[in-house]
Amino acid sequence: MTRAAIWWGELRRVVWILLAVSLVGWLLGNTIPALMLGALLLVAMWLYQLWRVSSWLQDPIGEPPAASGLWGEVFNGVSRLRRWDREERDRLQSAVSYLRESFAALKEAAVMVDPEGRIEWSNASAERLLGLQYPRDHGQLVLDLLRIPNFHSYTLSGEFDEPLQLTSPLDDGVKLIMEITPFGIGSQLILARDNTREQRLESMRRDFVANVSHELRTPLTVITGYLHTMLDNRLAENEKIQSPLEQMRQQAERMETLLHDLLWLSRLEFSEGQENFELVDMRDILLDVQQHFQEAYPERTIELSIDCECHLEGNHDQLYSAVSNLVVNALKYSEDDIELNWKQADGKCLLSVVDQGPGIKPVHLPRLTERFYRVDKSRSQETGGTGLGLAIVKHILAGHGAYLQIESKVGVGSRFCCVFPTL
């Protein structure tokens, strides 16, 4: 039976009841009181049905009361809604249980936090790495349980693009990488991964590079000294040995430059974020760099443009090294003049080095700051490049809260831009 038919049937039922009581009232000479009595009878019937609905709704699994007509349709409709609601709840609960089981199986610590910062759930790894135990800590503020200053700052900042590195509150020897992912309306998922092995290997690598570079400097200095002596004396007048000696001297000097860059890069990695910064006037650095390289390359022109008076909070020697590496890179890979610009735009301080060299294909741009990565290996051999210059620049900028943007077009030139935050 359609819904319209059910409503018409209920309407006919009401009309027949009112007609019946009206007829009885007319026969008794009290039509209006009879109509009122009939209306009260209908209200009583409907109140009774509403009471049945209310009683049924108190029982979450009870069957709907037997009824026909409109009230039967109401009971059946509510029953369908309750059944759909139970199925939806079961589906959502199944999904939540599946997610919790998945997170529980993770080796990483997983903690779900509500919009108020209270723990809703955590897995077993959270107890092993962070000391959080579920359900014991359910409803507790995560900032009250994890009293780690940099974690507090990281959480309250709301900027989770970069992961946080911290030490486990349970063991100083365990190093963690923590990430926070917002979800829902204000809730957060905190993931912490044990990064001890990776950090230990990285530390061993840096120690190895630093130690080997340091140990090689002394014998290389001796070799270079003897080569210079031999070339300066009459021993090099013999053409048969002059060319090999000159090549040996060039390669020894290139090796010295490589060791110098390796040691400098190693020092940057060890001291990153631990430098005592000071207020640096970039104008002085740029003027010094321009003068130095103008004297070293008198045939080239370095155009300097300073359009702002921005000062930076940083390390003077490191910033000088970053600018120098970019200028050296431009001079080696371009035969034309270069531009050195310092300006402020969009709330950032921009230091750019522009050359008119051969340009770089887009496929190489993402890897330019990797150590020893070379676009043209034969060209690097000619220029004496070590492949570490841009890696050094990247580390220096990272330590100053800045980053490097590279734009290049083949046949036109390249633009290396250091983007610094303003004070």
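FYI, side chains are in, hydrogens and waters are out, and symmetry mates aren't considered; it's all heavy atoms of this structure. One-based numbering along the sequence shown.
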Count the heavy atoms of every other residue, nucleotide or ligand shown that sit under 6.0 Å from [atom1] of [X], and state whether that count exceeds 12.
X      : atom1 : answer
Glu162 : CD    : no
Ile185 : CD1   : no
Arg136 : CZ    : yes

Apply the test side-chain contact (heavy atoms from CB on, under 4.5 Å) to residues Met282 and Val323: give CA-CA distance (whole Å), side-chain angles for both, the deciding distance (0.1 Å), then the verdict.
-> CA-CA 10 Å; Met282 288 300 296; Val323 179; 4.3 Å; yes
Pair Leu164-Asn150, side-chain contact (heavy atoms from CB on, under 4.5 Å): steps then yes or no | CA-CA 8 Å; Leu164 172 68; Asn150 52 351; 4.2 Å; yes
[X] side chain to [Y] main-chain N or O, any donor-acceptor pair under 3.5 Å?
X      : Y      : value
Arg300 : Leu331 : yes
Gln294 : Ile302 : yes
Asp137 : Gln133 : yes
His152 : Leu143 : yes
Ser305 : Asn341 : no
Arg200 : Asn195 : no
Asp346 : Lys348 : no
Thr196 : Lys175 : yes
Ser352 : Cys417 : no
Asn123 : Ala109 : no

Just wondering, do [Y] and [X] contact through their side chains at under 4.5 Å, heavy atoms?
X      : Y      : answer
Val174 : Asp194 : yes
Ile396 : Cys418 : no
Val412 : Val410 : no
Leu191 : Thr181 : no
Gln188 : Met112 : no
Val111 : Leu189 : no
His400 : Glu313 : no
Leu170 : Leu130 : no

Nearest heavy-atom neighbours spanning [X] and [Y]:
X      : Y      : value
Asn315 : Asp317 : OD1-N, 3.1 Å
Phe416 : Leu368 : CE2-CD1, 4.4 Å
Tyr154 : Pro163 : OH-CA, 3.8 Å
Arg118 : Gly139 : NH1-O, 3.1 Å
Phe151 : Ile190 : CZ-CD1, 4.2 Å
Ala322 : Val393 : O-CG2, 3.7 Å

What's the separation between atom [atom1] in [X] and atom [atom2] in [Y], rounded to the nearest 0.5 Å?
X      : Y      : atom1 : atom2 : result
Leu340 : Ile306 : CG    : CD1   : 8.0 Å
Gln140 : Ile119 : CD    : CD1   : 7.5 Å
Gln344 : Cys349 : CD    : SG    : 5.0 Å
Leu286 : Gln291 : CG    : CD    : 13.0 Å
Met178 : Ile180 : CE    : CD1   : 7.0 Å
Asn329 : Asp355 : CG    : CG    : 8.0 Å

Criterion salt bridge (charged side-chain N to carboxylate O under 4.0 Å, His left out) on Glu108 and Arg193, from CA distance to verdict | CA-CA 5 Å; Glu108 294 83 358; Arg193 176 170 59 88; 5.1 Å; no
Stepwise side-chain contact (heavy atoms from CB on, under 4.5 Å) test for Glu303 and Gln290 | CA-CA 8 Å; Glu303 299 180 4; Gln290 183 195 33; over 6 Å; no
According to the interplanar angle, ranging from 0 to 90°, do the rings of Tyr320 and His316 count as parallel (below 30°), tilted (30 to 60°) or perpendicular (above 60°)?
-> parallel
Stepwise, does the side-chain contact (heavy atoms from CB on, under 4.5 Å) test hold for Leu404 with Lys394?
-> CA-CA 7 Å; Leu404 181 65; Lys394 177 184 176 181; 5.8 Å; no
Looking at the rings of Phe420 and Tyr403, which for Trp means the six-membered one, are their centres under 6.0 Å apart?
->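 That pair fails the under 6.0 Å test.
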